[in-house]
Each structure stands twice: as structure tokens, then as C-alpha cells.
Amino acid sequence: MAPSLSNFTILSLLYLSFLFQAIISTVVSSGHQHQQSHQTVVLQTKPENYIRTRAGAPFKIALFADLHFGENAWTDWGPQQDVNSIKVMSSVLDNETPDFVVYLGDVITANNIPIANASLYWDQALSPTRSRGIPWASVFGNHDDAPFVWPMEWFSAPGIPQLVCPGVNSSYSGELEYCSFRGTSRLELMKNEMDNNLLSFSRSGPKDLWPGVSNYVLQVFSQKTPQTPLVYLYFLDSGGGTYPEIISSAQVEWFKRISNEINPDSRVPELIFWHIPSKAYKKVAPWFRIGKPCVGSINKEKVAAQEAEMDIMKILAKRPSTKAVFVGHNHGLDWCCPYRKLWLCFARHTGYGGYGNWARGSRILEINEEPFSVKSWIRMEDGSVHSEIILSS
């Protein structure tokens with residue numbers, strides 16, 4: 001017998017616009033101000049969380065991929081990259097004023113963070129979104145809990161450099177510990193995010209899917225049809241770091257069970273988010289230039305896919321309700337290409353951490369209700385827009 005709905009981490013998002021005005025004054029006083037015409041979701045209590053789209057407006061999502069906070073944390077260069085990444089996110093948020101944000105993995109570079117709790121860096125990455133009162137969800141990437149890698153130069157004549165731990169200027173409530181190298185597990189990172197942020201919709205997910213964490217589904221409801229979801233947003237942990245880069249058979253079975261239970265007739269559209277691309281991305285990747293039917297602006301490297309495929313793409317391809325999959329991981333790719341009846345899309349490299357010097361930006365999703373459609377484009381740090389595409393209509 002399939003587990004009951006309560007056994008899964010299914011979140012409903014409630015749009016409480018009348019509470020927003022009471023909270024926006026605090027946001028404005030901190031120097032972050034939205035356009036007056038935009039309202040975001042502000043939730044006061046948990047776990048009864050669900051949102052409705054704004055009346056007469058599409059539901060807009062910004063994807064922040066591969067921020068890599070904490071990169072080379074012991075140098076002057078590293079912290080400056082985090083400052084630059086905050087500027088990118090701030091520019092995108094102020095230009096797009098999204099209703100929701102997805103942190104699409106590699107939020108931090110844990111293998112470069114020599115402190116006892118990497119949540120301090122994770123929290124810094126969340127700060128532009130939180131300060132604007134915008135709710136978000138996160139999913140793990142391969143660098144988020146990677147073991148610390150000792151830099152070879154530390155063993156040269158000068159010795160280990162003086163380490164500077166970040167100050168306590170975040171919502172993380174724990175005491176600042178001395179610098180150490182034990183790393184921070186996925187479960188710890190997720191627990192700290194969930195415990196200290198009312199605007200976070202992230203979840204650890206079912207225990208029987210561990211070591212994978214961040215396996216869950218969110219529901220978005222519209223104003224016009226309050227009893228029927230407008231769209232389901234699925235989040236899956238694609239592994240890496242402390243275990244292989246893979247979406248396991250257990251995760252595939254979880255997706256099959258939950259999707260068949262909550263969306264048995266596939267009437268409600270589904271969007272899927274994880275970090276490391278599946279092998280299907282290799283099959284549709286452009287050879288050189290990005291030409292139709294693919295849409296994008298950079299194709300500068302080969303797809304770095306998961307280590308093995310456990311049929312998640314076969315399941316998704318058979319579901320008419322699955323409209324698109326969104327991943328990060330490859331910093332030099334930002335295209336969307338069709339795969340059977342759905343789209344496979346890369347986000348845009350958002351952070352200044354990580355490899356590559358390509359211009360930074362964010363993939364934007366705009367979900368319209370009547371008629372249903374998913375539009376997407378890329379908003380760059382400098383405010384420009386390109387690669388517009390309709391992913392479903």
C-alpha cells in the first residue's frame with residue numbers, strides 16, 4: 001500500500017498578502033525596498049505553509065545556482081567573491097521582484113571552509129532574499145557538504161595562514177565556534193536553515209532517502225482555483241560531496257509514489273529541480289553553437305552528468321505533466337533543449353565563487369494560469385535580459 005500523503009514532505013504555499021505590509025516596513029528600514037506594485041509571500045507560522053499566486057499576476061521564480069560562498073575563505077579574494085555574489089542576487093531581485101527563489105545547489109564551497117559550522121556562509125548566501133521578504137527553497141549540490149581539502153600551499157615555509165572566522169552577523173543562532181575542519185553535514189545545514197528562517201520552505205525530506213537530503217515537493221495555488229494546485233515544484237538531491245553523484249532508485253520510487261498519489265491523472269503541471277544534470281542532458285546538448293530548438297547564450301563546456309542513471313528520466317519522460325527540469329553545476333552552460341515531451345534547462349551561473357569568468361545572472365521562470373504557460377529568460381547582473389523561451393503552453 002502506498003504511504004499516506006502525510007508521510008511525505010508536501011508543502012502548500014499560502015499567499016498572505018495582507019501581512020506583507022506589516023513586514024515590509026522592517027525590510028525598507030534595513031535599506032532593501034521592493035517596488036510598491038510587488039507583493040511577496042510572508043509567512044508567520046509553520047508548518048501550515050502554502051502560497052497563492054497574486055490575483056491577476058503570474059507567479060515568478062528566480063533560480064540562484066552555484067553561488068559557492070566561502071571559496072578560499074582564508075584569502076582576501078574569497079570574501080570579496082561573496083560580496084560580488086550578493087550584488088548579483090540583489091540586482092536580479094530588484095529588477096525581477098520574484099515571488100519565490102530557488103537556491104539550486106552549491107550554495108557554499110564546503111571543501112574550502114575551515115570553520116566548525118558552514119551554516120554561517122550558507123546564511124550569508126540567503127541574506128539578499130531574506131532581507132527582501134521573499135520566500136525560498138533550497139536543494140543540495142556536490143560542494144555543499146564536501147570534505148575540507150587542505151591547500152598544498154599551507155604546507156610551505158610560511159605555514160598555515162591565520163584564519164578569520166566570519167562574524168556573528170546572521171540569523172544563525174548558535175555560538176561562533178573556533179575554526180576547525182570537521183565540515184558540516186547536509187542535515188546540519190538544512191536544520192539550521194529551517195530552524196532560523198520563517199521564509200524558508202526547504203525540507204530535509206523522508207529519512208529513508210538519506211544520505212540524500214532536500215527531497216520534497218511544494219504546491220502553488222492560484223487565487224482563481226484555490227482547491228487545485230497551479231503547479232507542483234519537486235526538489236531532489238542529486239548527490240555528490242560526501243556520497244556519489246546520483247539520484248538513487250529509492251528517490252525514483254519516492255517520486256513515483258508521491259506523484260501518483262497527489263497528481264494521479266497528471267492534470268497539474270510539474271517542474272523539477274536538482275543540481276547535477278542527468279545523462280539525458282548529454283543527449284540533447286548542442287555541439288557548438290546553440291541553435292533551434294535549443295535556446296541559450298553560452299555553451300562553453302561539456303555536460304558534467306551524474307555518475308549513474310537510475311531511471312529518473314524515464315519516469316519523467318512518461319509523465320505528460322512534467323514540463324521541465326532545471327539544474328546548475330555546469331557554470332559554462334545556460335541553455336534549454338527539448339527532450340522527448342519536456343525541456344531540460346540549465347540555470348545561469350549566479351555566484352562569483354567557483355570556476356569560470358562568464359558573466360553572472362539568474363534564470364527566471366514565469367508561470368501564468370490562463371492559459372497555463374511557463375516562460376523563462378535569463379536576467380544578467382547588469383540588468384540585461386536574453387534567451388527568452390516558452391517551456392510549456
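Taking the six-membered ring where tryptophan is involved, the planes of His331 and His349 are essentially parallel, since the angle between them stays under 30° and well short of 60°. Between Phe273 and Phe326, the two ring planes are parallel [angle under 30°; tilted spans 30° to 60°]. Using cut-offs of 30° and 60° for the angle between ring planes, the Trp358 and Tyr355 rings count as perpendicular.
With rounding to the nearest 0.5 Å, the separation of CG in Asn95 from CD1 in Ile364 is 9.5 Å. To the nearest 0.5 Å, atom CG of residue Leu63 and atom CG of residue Leu104 are 6.0 Å apart. Annotation: the span from Ser362 atom OG to Trp377 atom CH2 amounts to 10.5 Å, rounded to 0.5 Å. Here the OH-CG distance, from Tyr352 to Asn357, works out to 9.5 Å after rounding to the nearest 0.5 Å. Atom CG of Asp144 and atom OG1 of Thr242 lie 10.5 Å apart (nearest 0.5 Å). Here Ile378 contributes atom CD1 and Thr350 contributes atom OG1; the two are 9.5 Å apart, rounded to the nearest 0.5 Å.
Side chains of Trp136 and Glu193: a donor-acceptor N/O pair is present below 3.5 angstrom, by distance only. Side-chain N/O atoms of Ser387 and Arg363 include no donor and acceptor closer than 3.5 Å. Looking only at atom types and distance, the side chain of Thr109 has a donor-acceptor partner in the side chain of His68 under 3.5 Å away. Inspection of the Gln306 and Ser278 side chains reveals no N or O donor paired with an N or O acceptor under 3.5 Å. With 3.5 Å as the limit, one finds no donor-acceptor pair spanning the side chains of Tyr103 and Ser202. Looking only at atom types and distance, the side chain of Glu188 has no donor-acceptor partner in the side chain of Asn192 under 3.5 Å away. Donor-acceptor pairing under 3.5 Å is lacking for the side chains of Gln124 and Ser127. Residues Asn111 and His143 have side chains that bring a donor and an acceptor to within less than 3.5 angstrom of each other.
Contact detail for Ser392 and Lys323: the closest heavy-atom pair is OG-CD, 3.4 Å. For Ala324 against Leu342, the heavy-atom pair with the smallest separation is N-CB, 4.5 Å. Scanning all heavy atoms of the two residues, the minimum distance from Leu218 to Phe100 falls at CD1-CZ, 3.7 Å. The shortest non-hydrogen separation linking Leu333 to Lys300 is CD2-N, 3.8 Å. Residues Thr184 and Ser119 come closest through the heavy atom pair CG2-OG, 4.5 Å. Taking all atoms of both residues into account, the shortest heavy-atom contact from Ile247 to Asp237 is CG1-O, 4.0 Å.
A salt bridge links Glu270 with Arg319; the closest basic N to acidic carboxylate O contact falls under 4.0 Å. Classification of Arg379 and Glu96 as a salt-bridged pair holds, one side-chain N sitting under 4.0 Å from a carboxylate O.
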Give the intermediate values and the outcome of side-chain contact (heavy atoms from CB on, under 4.5 Å) for residues Trp74 and Asn112.
-> CA-CA 9 Å; Trp74 56 89; Asn112 275 186; 4.2 Å; yes
Would you check, one step at a time, whether the test side-chain contact (heavy atoms from CB on, under 4.5 Å) holds for Leu126 with Leu199?
-> CA-CA 10 Å; Leu126 301 177; Leu199 291 170; over 6 Å; no
Determine, step by step, whether Lys375 and Glu388 satisfy the side-chain contact (heavy atoms from CB on, under 4.5 Å) criterion, reporting the C-alpha distance in whole Å, the side-chain angles of both residues, the deciding distance to 0.1 Å, and the verdict.
-> CA-CA 7 Å; Lys375 298 180 181 179; Glu388 298 180 63; over 6 Å; no
Given Ser85 and Arg360, is the side chain to side chain donor-acceptor pair (under 3.5 Å) satisfied, shown in steps?
-> CA-CA 9 Å; Ser85 297; Arg360 274 65 174 182; over 6 Å; no
Please walk me through it: do His275 and Ser238 pass side-chain contact (heavy atoms from CB on, under 4.5 Å)?
-> CA-CA 6 Å; His275 181 69; Ser238 55; 3.6 Å; yes
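Here Trp335 and Phe346 bring their ring centres to under 6.0 angstrom of each other. In this structure, Phe140 has its ring center at least 6.0 angstrom away from the ring center of Trp210. The six-membered or imidazole ring of Tyr216 lies away from that of Phe201, with a centre-to-centre distance of 6.0 Å or more.
Leu271 has its side chain out of reach of Leu391: every pair of non-hydrogen atoms, C-beta onward, lies at least 4.5 Å apart. At least one side-chain heavy atom of Asp106 sits under 4.5 Å from a side-chain heavy atom of Asn142. Between Leu189 and Val107, every side-chain heavy-atom pair lies at or beyond the 4.5 Å cut-off. Side-chain atoms of Val101 and Leu93, non-hydrogen and from C-beta on, do get closer than 4.5 Å to each other. Counting only heavy atoms from C-beta outward, the side chains of Pro277 and Lys282 never approach each other to under 4.5 Å. Using a 4.5 Å cut-off on side-chain heavy atoms (C-beta onward), Arg186 and Ser214 make no contact. Counting heavy atoms from C-beta outward, Leu236 and Ile312 have side chains that approach closer than 4.5 Å. Side-chain contact between Val217 and Ile258 is present, with heavy atoms from C-beta onward closer than 4.5 Å.
Distance alone, capped at 3.5 Å, is enough to place a donor-acceptor pair between the Ser259 side chain and the Lys256 backbone. A distance-only check finds no donor-acceptor pair linking the side chain of Asn299 to the backbone of Ile290 [under 3.5 Å]. Checked by atom type and distance alone, the side chain of Thr75 pairs as donor or acceptor with a backbone atom of Asn72 at under 3.5 Å. In this structure, the side chain of Tyr232 engages the main chain of Ile262 through a donor-acceptor pair within 3.5 Å. Asn330 contributes a side-chain N or O that, together with a main-chain N or O of Lys302, makes up a donor-acceptor pair within less than 3.5 Å. Side chain of Ser91 to main chain of Lys87: no donor-acceptor pair is present (N/O by atom type, distance under 3.5 Å, no hydrogens or angles). In terms of modelled atom types and a separation under 3.5 Å, the side chain of Asp145 and the main chain of Ser185 share no donor-acceptor contact. With hydrogens and angles ignored, the 3.5 Å screen pairs no side-chain donor or acceptor of Glu245 with any backbone N or O of Glu307. Side-chain N or O atoms of Asp334 include one that pairs as donor or acceptor with a backbone N or O of Ile298 at under 3.5 Å. Counting only distance, with no hydrogens or angles, the side chain of Ser131 and the backbone of Pro128 share a donor-acceptor pair below 3.5 Å.
Put simply, Met194 and Ile108 are part of the same group of oily side chains (I, L, V, M, F, W, Y) that touch within less than 4.5 Å, one to the next. When the side chains of ILVMFWY residues are joined at heavy-atom separations under 4.5 Å, either directly or via intervening members, Ile276 and Leu344 end up in two distinct hydrophobic clusters. Tracing side-chain contacts under 4.5 Å through hydrophobic residues (I, L, V, M, F, W, Y), one reaches Val385 starting from Phe64; they form part of the same cluster. Cluster annotation: Tyr339 and Val325 are assigned to the same hydrophobic cluster (Ile/Leu/Val/Met/Phe/Trp/Tyr, side-chain heavy-atom contacts under 4.5 Å, transitive).
Within a 6.0 Å radius of CG in Asp265, other residues, nucleotides and ligands contribute more than 12 heavy atoms. The number of heavy atoms from other shown groups lying within 6.0 Å of CH2 (Trp77) is above 12. Atom NZ of Lys279 has more than 12 neighbouring heavy atoms from other residues, nucleotides or ligands inside a 6.0 Å radius.
For a disulfide, the SG atoms of both cysteines must be under 2.5 angstrom apart; this fails for Cys345 and Cys337.
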